[in-house]
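Residue numbers begin at 1 in each chain, while the letters A, B, ... track the order of the sequences. Note that this is a predicted model, so its numbers are computed, not measured.
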Amino acid sequence: MTTSAANGSNQRPVVIDASQLRKMYGQTVAVDDVSFSVHVGEIFGILGPNGAGKTTTVECIIGLRRPDAGTIRVLGLNPESDQDREELHTLVGAQLQVSALPAKLTVRENLDLYRSFYSHPADGAELVSLLGLGDKLDSSYKDLSGGQKQRLAVAVALIGQPKIAVLDEMTAGLDPQARRDTWELIEGIRARGVTILLVTHYMDEAQRLCDRVALFDQGRIVALGTPSELVAEAGGGKHVTFVPSGPFDDRLLTDLSDVTGVEHQGPRVVVTGTGELVNAVIQTLAANGVTAEDVTTGSATLEDAFLRLTGRHIHERDEANV
Amino acid sequence: MIGLQSLLPPQAPRAAFRKLVRYEFVLTRRTPNRATLGLGIPLILLVILGSIPKLQQPEAALGGLSFIEVYIPTLIGFIITVTGILGLPLPLATYREQGILRRLSTTPVPPAWLLGAQLVVNLTIAVVGMLVLLVVAMARFGMAVPKSSPGFILAILLTMVAIFAIGLLVAALADGAQAAQTLSGIAAVPLLFFAGLWVPLAALPVQIRDISTWTPLGAAVKAIQDAMQTGFPPAGQLLILLAYAIVAGFLAVRFFRWE
């Protein structure tokens with residue numbers, strides 16, 4: 001599944017190496033035969049739907065869980081060894097999916113507390129201004145907004161000057177503006193030389209931020225590469241979506257050489273393909289007396305790649321709940 | 001099981017423990033009912049009850065002692081219970097529930113240090129509370145210097161170890177703040193009953209008094225009372241306290257989870 005990275009990151013030293021990880025919870029296989037390497041200075045994405053084994057994988061990497069099989073090396077250290085794990089925790093900062101800070105301590109106090117845990121901590125004031133929490137220093141943790149809490153969690157993950165930052169679903173529950181701000185923040189952190197392991201179930205987040213992505217599904221890696229490689233691997237191409245003015249025979253479109261697929265989603269039709277797709281589709285329909293209304297077009301995304309690779313939408317379960 | 005090596009990792013700055021203790025004190029101060037309960041209520045009880053002249057008179061029913069003299073060991077037991085069983089488990093269960101202990105597990109500082117900081121805070125509150133109580137009782141209400149000071153101190157120390165071990169067991173068994181609160185209450189009420197908080201032990205039927213000597217606080221009150229009035233307390237009572245400390249401590253270590 002590994003594809004050669006075009007950005008040359010493969011020449012850089014490996015800082016995280018996971019090989020054939022396996023983790024069971026009772027009879028359930030949470031992580032199955034997962035292998036990947038992260039290079040220094042990369043933003044590496046672990047992407048997939050809820051329950052795909054992403055969090056379990058990073059928990060093994062930071063030494064919170066022991067894999068049932070497989071080996072992990074993080075900066076040459078073995079998270080399964082008690083002695084190595086201690087050193088590992090000075091070199092890796094983590095922002096966990098489910099974790100809080102003491103509710104009645106202020107931002108300043110929380111940072112002061114976590115700062116004392118490390119021998120060579122970062123400058124708290126600089127970190128706080130980088131994260132835009134400067135005017136919140138004396139606010140209690142419980143009084144912060146969701147976005148501010150997330151940013152403080154990131155600040156606490158970075159306060160020990162880690163070489164690697166593990167960020168698990170850091171934009172979950174944030175509004176779009178706060179998400180974009182957080183993305184810029186992560187790029188800023190990488191620019192300071194920190195390698196980032198980013199866990200997310202947001203395709204757009206991975207596409208925007210990650211140098212390389214491991215696409216997880218049902219405990220396995222189904223694809224690994226740069227976002228554009230994954231899109232290309234899954235067929236790439238373009239798509240055009242429209243509402244037809246009347247019924248038509250799908251074969252009108254599937255017979256076109258540029259078209260690779262036609263799918264009906266309620267009243268909408270999604271046509272995937274390559275080349276001059278939009279013109280070909282609209283002209284063919286018009287020639288048969290059908291008008292395409294409400295036309296949108298786009299290039300394939302990681303979302304399409306996931307759909308092609310697994311046959312399911314990444315947010316299928318979420319959507320079913322709505 | 002917690003190994004010694006994992007309690008003192010070389011990578012964690014020792015100053016971190018001082019910070020943890022400091023901020024646990026700050027958090028306790030910002031959660032007022034925790035500290036005031038242990039420090040304030042026993043003192044208020046002492047002052048109110050001590051101001052009733054009749055309760056300062058020797059009573060034949062209390063073995064020739066005044067009510068106040070009989071009640072001081074009970075108040076000591078109360079202070080230790082409030083700090084050890086009501087004060088200690090709730091923050092620990094809350095920290096586990098909110099993922100704070102788990103978050104600590106990813107730093108060089110072991111989560112056991114937070115438990116240690118909580119112990120320091122609650123033991124400090126207990127010691128200060130008892131000192132204030134004893135000073136006021138001696139200065140204002142005629143409490144005599146204990147017959148056996150070493151016995152008095154040893155009995156109190158063993159009580160603290162036993163009750164705090166039970167508190168840790170509560171913290172180990174409770175899977176959340178709500179459960180911790182419920183379990184603490186369930187544990188504290190009978191313990192305090194057998195310490196004579198609501199009805200003096202001497203006024204209870206003899207069968208209940210016999211049961212009381214086998215409970216942690218019943219044994220504690222009796223040992224402290226003996227050290228105050230007669231001399232070094234009998235080994236039996238001290239051994240009962242020790243047994244509770246060992247059993248509860250072992251179970252707490254056995255069942256404690258950091259997440």
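- Residues from residues 111-119 of chain A that place a non-hydrogen atom less than 4.5 Å from a non-hydrogen atom of chain B comprise D112(A), L113(A), Y114(A), S116(A), F117(A), Y118(A), S119(A), given in numerical order.
- Salt-bridge check for K54(A) with D168(A): failed, with every basic side-chain N at 4.0 Å or more from each acidic carboxylate O.
- A heavy-atom distance below 4.5 Å is not found between the side chains of L167(A) and L197(A).
- Relative to the six-membered ring of F256(B), R96(B) meets both conditions, a distance below 6.0 Å and an angle of at most 45° to the axis.
- For R22(B), the part sitting under 4.5 Å from any heavy atom of chain A is the side chain, from C-beta outward, and nothing else.
- Side-chain contact between V31(A) and C60(A) is absent, with no heavy atoms from C-beta onward closer than 4.5 Å.
- For L101(B), no part lies under 4.5 angstrom from a heavy atom of chain A.
- A heavy-atom distance below 4.5 Å is not found between the side chains of L90(B) and S184(B).
- Legend: residues meeting ring pair (Phe, Tyr, Trp, His ring centres under 6.0 Å) with F44(A), ordered by chain and number and at least two apart, are F36(A).
- Top candidate by heavy-atom pairs under 4.5 Å with chain B, chosen from V156(A), L64(A), I62(A), L88(A), is L64(A).
- With Y141(A) as the aromatic partner, K149(A) meets the cation-pi criteria of under 6.0 angstrom to the ring centre and within 45 degrees of the ring axis.
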